[in-house]
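Below you'll find the structure, written out as structure tokens, and then a few comments.
Not measured: the values here are computed from a predicted model.
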Amino acid sequence: MVVKIYGHAIAPAVKLVVQVCKEKEIPYEVVPVAVYKGEHKTPAFRQFQPFGQVPYIDDDGFILYEYRAICRYLVKKYEGQGTPGLIPNDPKSEALFEQAASIEYANFYPFALGLVTEKIIKKHRGLPADEARVDEYLKTLEAKLDAYNDILGKQAYLAGETLTLADLFHLPYAAIVIEELRCDVLKGRPNVARWWETISARPTWQAVKDTA
């Protein structure tokens, strides 16, 4: 069966779900949702995603939304194919994965999203960026990445010596911050720079980074 991914092909969360499908060699189809026309806020869409956000998936009738949950589900369901170990099975290794996933959710995503909101989303809405908030988000993110640099000075990836889904969770918004907004957050953080170069060079990400 083909996993149907409902969303906008350039949406960061959609790109990540597609990347995971590629990592796990899962057949998929992106079903376009016209977010710029507000299709994701219609009753027809909200019956499957009550918050009116993309993406959601339909896996042979199983509906799931929230992209981190989707990625976890796909990795576990298709555990025996594609890239191994994206969610470890050993209890201690899985705990370290969950720790790393929590790091991304609490210490990276809010500040990267804040930068994207101020510098890109507001622009699309015809609103000026609040530069004071931009500075605050950037300073906070840099402080968080100092801790990342310490962690990654001791191991190759956030959860240990092997790639996990926690590393991949960073890709969509880190790519915007580093490559589109040109925030110089890698300077003086050689371990973060090495890690970013490694994960962002994955063929699965290169295949979707511009559009899923």
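- D167 places a side-chain heavy atom less than 4.5 Å from the side chain of W195.
- Counting heavy atoms of neighbouring residues, nucleotides and ligands inside a 6.0 Å radius, atom CD of Q47 exceeds 12 of them.
- Aromatic ring orientation, Y173 versus Y109: perpendicular (interplanar angle above 60°, classes split at 30° and 60°).
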Could you tabulate the donor-acceptor pairs under 3.5 Å formed by side-chain atoms of residues 85-93, not counting sequence neighbours?
from : atom 1 : to  : atom 2 : distance (Å)
N89  : ND2    : E79 : OE2    : 2.5
D90  : OD2    : K92 : N      : 3.1
D90  : OD2    : S93 : N      : 2.9
D90  : OD2    : S93 : OG     : 3.3

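- Interatomic distance, CD of E131 versus CD of E118, reported as 8.0 Å (0.5 Å rounding).
- Scanning for salt bridge (Lys or Arg N to Asp or Glu O under 4.0 Å) contacts around D59 gives K77, with sequence neighbours left out.
- Using a 30° and 60° split on the angle between ring planes, Y36 and H124 fall in the perpendicular class, above 60°.
- When hydrophobic clusters are built by joining Ile, Leu, Val, Met, Phe, Trp and Tyr residues whose side-chain heavy atoms come closer than 4.5 Å, directly or via intermediates, Y105 is not grouped with L171.
- Around atom NZ of K122, more than 12 heavy atoms belonging to other residues, nucleotides or ligands sit under 6.0 Å away.
- The backbone N or O of G52 lies less than 3.5 Å from a partner atom in the side chain of K41, making a donor-acceptor pair.
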Just distance, no hydrogens or angles: give the donor-acceptor pairs under 3.5 Å from side chains in residues 204-212, sequence neighbours left out.
from : atom 1 : to   : atom 2 : distance (Å)
T204 : OG1    : Q19  : NE2    : 3.1
T204 : OG1    : E23  : OE2    : 2.5
Q206 : NE2    : S200 : O      : 2.7

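- V18 and V31 fall within the same hydrophobic cluster, defined by Ile, Leu, Val, Met, Phe, Trp and Tyr side-chain heavy atoms under 4.5 Å apart, directly or through other members.
- At distances below 3.5 Å, not a single donor-acceptor pair connects side-chain atoms of E66 with backbone N or O atoms of R68.
- Closest approach of A13 to Y67, counting heavy atoms only: CB-CD2, 3.3 Å.
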- Please lay out, stage by stage, how N149 and D146 fare under the test side chain to side chain contact (heavy atoms under 4.5 Å, CB included). CA-CA 5 Å; N149 200 60; D146 286 340; 5.6 Å; no
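- Contact detail for Q49 and Q53: the closest heavy-atom pair is CG-O, 3.2 Å.
- Both I70 and F48 are assigned to one and the same hydrophobic cluster, defined by single-linkage of ILVMFWY side chains at heavy-atom distances under 4.5 Å.
- With contacts defined as side-chain heavy-atom distances shorter than 4.5 Å, the pair I176/K119 does not qualify.
- Under the 4.5 Å side-chain heavy-atom criterion for Ile, Leu, Val, Met, Phe, Trp and Tyr, M1 and I63 are members of distinct hydrophobic clusters.
- Formation of a donor-acceptor pair under 3.5 Å by the R194 side chain with backbone atoms of G153 is not found in this model.
- Considering all non-hydrogen atoms of both residues, V30 and P32 come closest at O-CD, 3.4 Å.
- Note that OG1 of T198 is 11.0 Å distant from CH2 of W196, once rounded to the nearest 0.5 Å.
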Would you give me the side-chain donor-acceptor pairs under 3.5 Å for residues 180-188, sequence neighbours excluded?
from : atom 1 : to   : atom 2 : distance (Å)
R182 : NE     : E179 : O      : 3.2

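- Summarising the geometry, atom CG belonging to L145 is positioned 9.5 Å from atom CG belonging to L138; distances are rounded to the nearest 0.5 Å.
- Side-chain N or O atoms of Q81 include one that pairs as donor or acceptor with a backbone N or O of K24 at under 3.5 Å.
- The aromatic rings of F62 and Y73 sit tilted, their planes meeting at an angle between 30° and 60°.
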Report all side-chain donor-acceptor pairs from residues 3-10 shorter than 3.5 Å, counting only partners two or more places apart or in another chain.
none

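- Between Y148 and E104, the shortest heavy-atom contact is OH-CA, 3.7 Å.
- By the criterion of side-chain heavy atoms lying less than 4.5 angstrom apart, applied directly or through intervening Ile, Leu, Val, Met, Phe, Trp or Tyr residues, F108 is grouped together with I120 in one hydrophobic cluster.
- Among all heavy-atom pairs drawn from L64 and A69, the shortest one is CD2-O, 3.7 Å.
- Using cut-offs of 30° and 60° on the angle between ring planes, the pair F97 and F169 is tilted.
- By the 4.5 Å heavy-atom criterion applied to side chains, I57 and Y28 are not counted as neighbours.
- The distance from the NZ atom of K144 to the CD1 atom of I103 is 10.5 Å, given to the nearest 0.5 Å.
- F111 places none of its side-chain heavy atoms less than 4.5 Å from the side chain of V177.
- Every residue meeting the salt bridge (Lys or Arg N to Asp or Glu O under 4.0 Å) condition with E98, not counting sequence neighbours, appears here in chain and number order: R72.
- Under the 4.5 Å side-chain criterion, counting only non-hydrogen atoms from C-beta, L74 is in contact with V17.
- With values rounded to the nearest 0.5 angstrom, L163 atom CG is found 5.0 Å from R202 atom CZ.
- One finds the CG atom of L165 at 11.0 Å from the OG1 atom of T83 (value rounded to the nearest 0.5 Å).
- Nearest approach of V134 to L115, heavy atoms of both residues: O-CD2, 3.6 Å.
- Remark: the backbone N or O of L158 is paired with a side-chain donor or acceptor of Q155 at under 3.5 angstrom.
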